[in-house]
There are 2 protein chains.
Amino acid sequence: MRPYSTYDSDTCSIARTLALIGDRWTLLVLRDVANGVRRFDEIAGHLGIARNILSRRLAGLAQAGLIERTAYREPGARERHEYRLSGPGRELVPILLAFMQWGDRNLAGPEGPPALVRHAGCGAPIRVSLTCDQGHELGERPRVWLEPGPGSRMRPGATPEGHALIG
Amino acid sequence: MRPYSTYDSDTCSIARTLALIGDRWTLLVLRDVANGVRRFDEIAGHLGIARNILSRRLAGLAQAGLIERTAYREPGARERHEYRLSGPGRELVPILLAFMQWGDRNLAGPEGPPALVRHAGCGAPIRVSLTCDQGHELGERPRVWLEPGPGSRMRPGATPEGHALIG
DNA sequence: CATACTAAGTTGCATATCGAAACCTAGATA
DNA sequence: TATCTAGGTTTCGATATGCAACTTAGTATG
């Protein structure tokens, strides 16, 4: 099998997703929106993000269809806007939780993790795990095998020969 | 329960992890290293990253203990270096796969995903899933509940009162 | 009615980070 | 002695980010 480096780096789903949400703030904005911090000033105050940057990020996320900007009006107040996760946006939750789980395990102090996630249905703690279609559960340091998929593309200018690919 | 925004944003495990690997390149560097692209020039060529930035990222990742820089020498060649994931680094694989899965589902073209991941043991495709301790499997758009953990911290200057927290 | 207040941005400018390309270094080879 | 190559480092211009002031439109206040 050809080495991974012969495949185009930008075609990768990781690269594509990072192009959308892979800057210093976007994932934190999504975290806040997911946690019910929905209004502009509230997000800005909580994150400490510059307002112009937040403005750009929210616009970008809305355009990408990850959040929805909706108007609402409380009685006796003027119309305001709030941001909520869209369907595809809610599918990002596993990414957020994967980050959280790694941080809990590797960066938390002796007091323990700063937050706990529970299943909204039953209240039990949640874990991110990798499972294969045969039902095997892979541990915390999984050994996986990567192979080119139908949408793979060669890197322009890559030499066509190569040796083994790992996992 | 207090709203999420009354808790310190930087204490969060997501924020802490992002501070380590949350820039435009680091996750791609880790992806390449995980996939056997181990040498400086090879990574630089594959990613199209500026060499000075790659140099900084590799140094940072090594200092953080996520990758290991080891010298090796092929017979009749001079000593060289290569980078490999460390133990904690391998624990980042679920993050990479969560990104990949989201991109496969939301950004792939009609041809299909650019790559497939398989269990190194049995060869079956792998999925990232959320499961709770009672054995429930949460779907693609999970509903979860967040609550403060033992390591939580109030945001300096946050008002002590607040209403409901979502999930 | 005039004034002030607030949420939700926008604008202008200073600073920090990034990228491209040239340069550097040390060991192997000719 | 000169050359090649992997693995960087330096320099400098281009981008991105942060900060603070300004804008806008409804709402409340005197």
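Chain letters run A, B, ... following the sequence lines, proteins first, then strands; residues in each count from 1. All values derive from a computational prediction rather than experimental measurement.
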Run R69(B) and Y83(B) through side-chain hydrogen bond (donor to acceptor under 3.5 Å, both in side chains) and show every step you take. CA-CA 5 Å; R69(B) 182 180 193 268; Y83(B) 300 91; 3.3 Å; yes

[atom1]/[X]: more than 12 non-hydrogen atoms of other groups inside 6.0 Å:
X	atom1	answer
R118(B)	CZ	yes
R127(B)	CZ	no
R153(B)	CZ	no
E79(A)	CD	yes

Assess whether side chain to side chain contact (heavy atoms under 4.5 Å, CB included) is satisfied between L20(A) and W102(B), documenting all intermediate values. CA-CA 11 Å; L20(A) 228 54; W102(B) 192 90; 3.8 Å; yes

Under 4.5 Å between side-chain heavy atoms, counting indirect links through other Ile/Leu/Val/Met/Phe/Trp/Tyr residues: same cluster for V93(A) and L116(A) or not? no

Does a side-chain N or O of [X] approach OP1 or OP2 of [N] to a distance below 4.0 Å, or not?
X	N	value
S55(A)	dG9(C)	no
R69(A)	dG9(C)	yes
Y83(A)	dG9(C)	yes

Protein and nucleotides 1-5 of chain D: nitrogen or oxygen contacts under 3.5 angstrom:
unit_1 : atom_1 : unit_2 : atom_2 : d
dT5(D) : O2     : R78(B) : NH1    : 3.2

Find the distance [X]:[atom1] to [N]:[atom2] and express it as a whole number of Å.
X	N	atom1	atom2	answer
R38(B)	dA6(D)	CZ	P	17 Å
D41(A)	dT10(C)	CG	P	13 Å
R73(A)	dA7(C)	CZ	P	16 Å
I43(B)	dA6(D)	CD1	P	14 Å
E79(B)	dG8(D)	CD	P	11 Å
L58(A)	dA8(C)	CG	P	11 Å
E82(A)	dA8(C)	CD	P	9 Å

Could you run down nucleotides 10-23 of chain D 5' to 3' and tag each one B, S or - for protein heavy-atom contact under 4.0 Å? BB-----BBB----

For A44(B), which contact category applies under a 4.0 Å heavy-atom criterion: base, sugar-phosphate, or nothing? nothing

Answer yes or no: is there a side-chain heavy-atom contact under 4.5 Å between L58(A) and H81(A)?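 When only atoms from C-beta onward are counted, H81(A) and L58(A) do not touch, as no gap falls below 4.5 Å.
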
Report the distance from atom CZ of F99(A) to atom CG of L27(A), rounding to the nearest 0.5 Å. 5.5 Å

Under the side chain to side chain contact (heavy atoms under 4.5 Å, CB included) rule, what do R105(A) and E91(B) come out as? Steps first, then yes or no, please. CA-CA 9 Å; R105(A) 288 191 180 154; E91(B) 289 182 32; 4.2 Å; yes

Please lay out, stage by stage, how R84(B) and E82(B) fare under the test salt bridge (Lys or Arg N to Asp or Glu O under 4.0 Å). CA-CA 7 Å; R84(B) 286 170 183 269; E82(B) 63 176 11; 3.0 Å; yes

Degree of bending, the helix from dC1(C)-dG30(D) to dA30(C)-dT1(D) (end axes from five pairs; round to 10°):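 Helix axis angle between the two ends: 10°.
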
